[in-house]
Asker: 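Would you mind keeping the following structure in view while I ask a few things?
Computed from heavy atoms alone, side chains included, the values below leave out hydrogens, waters and symmetry copies. Note that ligands are numbered from 1 as they come in the structure, with each ligand's atoms numbered from 1 the same way.
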Amino acid sequence: MPIHAEHHPLVSLQAPEADMLARVQALVREQIGPQAEQVGREDVFAWDTFRLLADEGVIATAFPRSLGGTEASMLLRVRIIEELARACSTAASLVTGTDLSSRPIVAGGSDALRSEVVPKLATGAQQSAFALTEPGAGSDLAGLQATARRDGGHYVLNGAKKFITRAGVADMYVVVARLADGPAGSKGLSAFLVPRASAGVSVSPTIPKMGWNGVPIAQVCLDEVVVPVGNRLGEEGQGMALAQDTLVRARIGHAAIALGRMSGALQIAAQYADVRRVFGRAEGEHQGVQWMLADMGARIEAARCLVYACAQRYDRQDPDTSIHASIAKMHSTDLCMKVVVDCLQLLGGNGYLKAYPLERFMRDAKMNQIGEGTSEVHKNLIGRYLMKTAAAMPRHPCLDLEPDLFGAA
Ligand SMILES: Cc1cc2nc3c(=O)[nH]c(=O)nc-3n(C[C@H](O)[C@H](O)[C@H](O)COP(=O)(O)OP(=O)(O)OC[C@H]3O[C@@H](n4cnc5c(N)ncnc54)[C@H](O)[C@@H]3O)c2cc1C
């Protein structure tokens, strides 16, 4: 069924993974779904939803067992995120955002730092935020300007980070900064764990935004902030590599959120069209409406296959996972934007009312096309990948062109 993933041939979860997914589905039905409208109304951190997800062990799925987590496969995480996002983007983004902000610590922290910090993140007792973007650099990460200066056993950090989700509630920030005496471009970037309580850290008031409520953003400024060398994540110069490792997971997460939301939107629109009568018949009996529903259903199912296959590639550690994460993210988030707009249209004036979730879905959908690499950035990555690999594609007698036909001789 295009609007639901039940019994999907690409997903065969056994206990205990299947039990975890069933628990999440029950949570969505009984608590998260009914509260979604209220949670999405105001842009204050959704503490109740976060605590619920932490208490139910959903937050822990992102973390290794050795550090207090339950280390779920990416496929299970995608299914969990999809189920949450069918009703509540905020709940889904609390799960993906926890992963985004803690992955560099898990992947790059020293053993001592990880065992001190990660178990608290896995239980939700503490939170981190990922501070990468700056006022002058978002897509173009090589242009980051925040600096880290080595001073004996410490680094001194300066700079400003914009759009930082959970900045106001996080206990610590993962900051990517440029080594003061390091090389230019992305090779000069390193990552650091900065406790929020450090002298010189300041956080702006919440920055109002269009949607994606419940996970507020703010600007974080660093003014001569001193952190011990032990708080460096990875080696000097590995900041970009850690960010990329983090972003691959986050992009799959965005694709899964978009998948869940558009499935929820289609369910609402199809059920509405089934009962709403126009021109003497159910709205859904009109062929024009059925074609809209059919286009959406078919494309959502294609997106679902793409997103699940990408999660499987991640779990198998395929070397091409990163480009498939770009493909899944671009395709699923762009499609979701179109689907929620069309589903809202199918509800007529009611779609425009706050009483129906589509108005919220539409505002939230825009964020998935922007965060963790815009659709344009992913298009660039996919295009470059195709060009890089074109010459190495296996030759095929029916597809080989004569070079003199297109002037390449
Ligand atoms: C709600 C929200 C939460 C966020 N949370 C976080 C967070 O927690 N941590 C964090 O570090 N960041 C966060 N971000 C920042 C987000 O990742 C960036 O906004 C995003 O990467 C885009 O960067 P930018 O805003 O600087 O846009 P720019 O890079 O300035 O891009 C502007 C426009 O130009 C386009 N563009 C750029 N380069 C090209 C190109 N080469 N070819 C074609 N088009 C191009 C872009 O697609 C975009 O449309 C958040 C953003 C939002 C809105």
Asker: Going by the closest heavy atom to atom 37 (C) of ligand 1, which one wins out of P216, S139, P135?
Answerer: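 Selected option, by shortest heavy-atom distance: S139.
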Asker: List, one per line, each side-chain donor-acceptor pair under 3.5 Å for residues 339-353, sequence neighbours excluded.
Answerer:
unit_1 : atom_1 : unit_2 : atom_2 : d
D342   : OD2    : K338   : NZ     : 2.8
N350   : ND2    : Y272   : OH     : 2.9

Asker: One thing to verify: whether E359 and R363 come together as a salt bridge, which I'm taking to mean a side-chain N less than 4.0 angstrom from a carboxylate O.
Answerer: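 So R363 pairs with E359 through a salt bridge.
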Asker: Give yes if a backbone or side-chain nitrogen or oxygen of L100 is under 3.5 Å from a nitrogen or oxygen of ligand 1, and no if not.
Answerer: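 Min N/O separation from ligand 1 is not below 3.5 Å for L100.
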Asker: Considering distance alone, does some N or O of K209 sit under 3.5 Å from an N or O of ligand 1?
Answerer: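 Min N/O separation from ligand 1 is not below 3.5 Å for K209.
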Asker: Does a salt bridge link E82 with R304, judged by any charged N lying under 4.0 Å from a carboxylate O?
Answerer: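 The answer is yes: the pair qualifies as a salt bridge.
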Asker: With nothing but distance in play, are any N or O atoms of E376 less than 3.5 Å from an N or O of ligand 1?
Answerer: yes
Asker: Backbone, side chain, both or neither: what part of K161 comes under 4.0 angstrom of ligand 1, heavy atoms only?
Answerer: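 It is neither; nothing of K161 touches ligand 1.
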Asker: Measure the acute angle between the ring planes of H254 and W212, then classify it against the limits of 30° and 60° as parallel, tilted or perpendicular.
Answerer: parallel
Asker: Enumerate the atoms of ligand 1 whose separation from the nearest heavy atom of F130 is less than 4.0 angstrom.
Answerer: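 In order of numbering, the contacting atoms are 7 (C), 8 (O), 9 (N), 10 (C), 11 (O).
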Asker: At a non-hydrogen distance cut-off of under 4.0 Å, which region of L132 contacts ligand 1 (side chain, backbone, both, or neither)?
Answerer: both
Asker: Looking at T374, which atoms of ligand 1 are within less than 4.0 Å of one of its heavy atoms?
Answerer: 22 (C), 46 (C), 47 (O)
Asker: Would you say F163 has any N or O atom under 3.5 Å from an N or O of ligand 1, going by distance alone?
Answerer: yes
Asker: Between ligand 1 and T165, is the shortest N or O to N or O distance under 3.5 Å?
Answerer: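 Yes; at least one N/O pair falls below 3.5 Å.
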Asker: If you count the atoms of ligand 1 from 1 in the order shown, which ones are under 4.0 Å from a heavy atom of E372?
Answerer: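 The atoms of ligand 1 under 4.0 Å from a heavy atom of E372 are 17 (O).
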